[in-house]
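To start, the structure itself, in structure tokens.
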Amino acid sequence: MKQKKNLQNALNHRASIEVPSHPMYLSMIRIFLEKLLKLIDIQTLIIEDIKSAVDEACSNVIKYAYKYSYDKTIKVYFSYSPKEIVVIIEDYGEKPQDLSFQGRDLLDLKPGGLGMHFIKKAFDEIVFKSSKKTNKLKMVRYL
Amino acid sequence: MKQKKNLQNALNHRASIEVPSHPMYLSMIRIFLEKLLKLIDIQTLIIEDIKSAVDEACSNVIKYAYKYSYDKTIKVYFSYSPKEIVVIIEDYGEKPQDLSFQGRDLLDLKPGGLGMHFIKKAFDEIVFKSSKKTNKLKMVRYL
Amino acid sequence: MEIKIEDQKNIRILSAMGEVDMHTSPELRKHLLKAVKDKIPIVIVDLKEVSYIDSSGIATLVEALKGMMKYKGSLKLCSLSERVKEIFSFAKLDKVFEIYKDLQDATIG
Amino acid sequence: MEIKIEDQKNIRILSAMGEVDMHTSPELRKHLLKAVKDKIPIVIVDLKEVSYIDSSGIATLVEALKGMMKYKGSLKLCSLSERVKEIFSFAKLDKVFEIYKDLQDATIG
Ligand SMILES: Nc1ncnc2c1ncn2[C@@H]1O[C@H](COP(=O)(O)OP(=O)(O)O)[C@@H](O)[C@H]1O
Ligand SMILES: Nc1ncnc2c1ncn2[C@@H]1O[C@H](COP(=O)(O)OP(=O)(O)O)[C@@H](O)[C@H]1O
């Protein structure tokens, strides 16, 4: 109850975090999201799904946009309204060749290709945009 | 040991977080610092001192720079080298009249005036700079 | 932070749980000022479950202490974690407050 | 994440603790591929203390499973938390892996 009241006082629920593109920092992004989503009283199940999805998307940035170079930067923007949660992941790495980002068929047993499924499980809208300098993956979860 | 090796791989240890200027978000800044400082193997005592100091400095931003308006923004920059930890707190609020930021005499028993003492306990250098748009408090802890 | 209240004869025990900071200390303050208003003779603040306290939490305790001094009430703190103890000693408040090892000591002490 | 290894006759038990993600899964992979190389007949991965697993952790387990199939070894998972269980069922892997309630069941099962 108290949390909810305070929530209304805080007019803008925007937050962001920027960390190096080293996998050791992925746990920081997860805890950032977990704390944030708990503060605004989101259900545990949704919190877990969003944590997994953003973690996968950031792992993909390290793998594909940065080709495992660990001294670059990943930025995660978060915003909340009673209608939706928006997460934007920004990197300054390579533009992808193919924008389809297909995960593998889940019934085809092989390692890999699961990340996109986690992303689609947590989010209702997924939009990828590349500009000259940055790639942005915008993900929206309806509430 | 493993952590230390990974540390060397991650060339730049820079990270930042931006949250609304509502006190409910102070706990996010603390957890951000705690996680970060643990990742780079800083001693618990130093972690606790830095958490307290940054928390106090951010509370002061809410109180003095933003005069308790909760819909503004606080940004905390962090960087680490084996020599030092640097934390910069940035706000877009009022410029202070008096830059001395004196805490009260600890032997004078009254509520308030403790924050600056926590800040000086944790950090060796404290520099405040105001420009047209932002205030920046830069705090350096030697290692 | 959450606060549990327990009344025994002349004693009110306020057990705080969580982190006491600028966001949560107003809740602690509300309960302490109520105790001062009610002129409760002995107030014990049990800090066993408090992992963090900032200057606003400490200011709140100092304010209550000064309020209770006026009617010669007694404010006791107990079960401080190592970190919270260190903060009190750094703020030179370990001599100002009556600090007890645990709730039992605070109740009989 | 940390991994504890315990060998019993034909069985190797790998108990993982912490979060399995892109940063930590290489450690799990190292131990699993070692077991495959050693052709250990039964490998049990105890996930009791695993609070989080990502697709790289799952990929690692799938890779080990395929490696063990080649010599007819058996890879068993046990003590999955609710969340980890949900992830396996979402990934349609709850039918692919032998999953046990706890370490005891996995050992005798
Ligand atoms: N940020 C990205 N940049 C470029 N390609 C990407 C990115 N994210 C995903 N992809 C592509 O989408 C595919 C599916 O991703 P995912 O489901 O996470 O599986 P995996 O990474 O295990 O292959 C990847 O193999 C890759 O080709
Ligand atoms: N960001 C700031 N902007 C303007 N003034 C500040 C700022 N931070 C601290 N001060 C000044 O420094 C004084 C001492 O700060 P502090 O030790 O935190 O005690 P308190 O906030 O309880 O008064 C404050 O009372 C205030 O006048």
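Each chain gets a letter, A, B and so on, in the order its sequence line appears, and its residues count up from 1. This is a predicted model, so every value here is computed, not measured.
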Not counting sequence neighbours, which residues clear salt bridge (charged side-chain N to carboxylate O under 4.0 Å, His left out) with A:K95? List them please. none
Please classify the contact between D:L93 and chain A as side chain, backbone, both or neither, with a heavy-atom cut-off of under 4.5 Å. side chain
Euclidean distance, D:M22 CE relative to A:I62 CD1, rounded to 0.5 Å: 4.5 Å
What are the sub-3.5 Å donor-acceptor pairs between chain A and chain D, distances to 0.1 Å?
from, atom 1, to, atom 2, distance (Å)
A:R30, NH1, D:D21, OD2, 2.8
A:R30, NH2, D:E19, OE1, 2.6
A:R30, NH2, D:D21, OD2, 3.1
A:E48, O, D:R83, NH2, 3.1
A:D49, OD1, D:R83, NH1, 2.9
A:D49, OD1, D:R83, NH2, 3.2
A:S52, OG, D:R83, NH2, 3.0
A:D55, OD2, D:Y52, OH, 2.7
A:E56, OE1, D:S55, OG, 2.5
A:E56, OE2, D:S55, N, 2.7
A:E56, OE2, D:S55, OG, 3.3
A:L109, O, D:K66, NZ, 2.8
A:K121, NZ, D:E86, OE2, 2.7

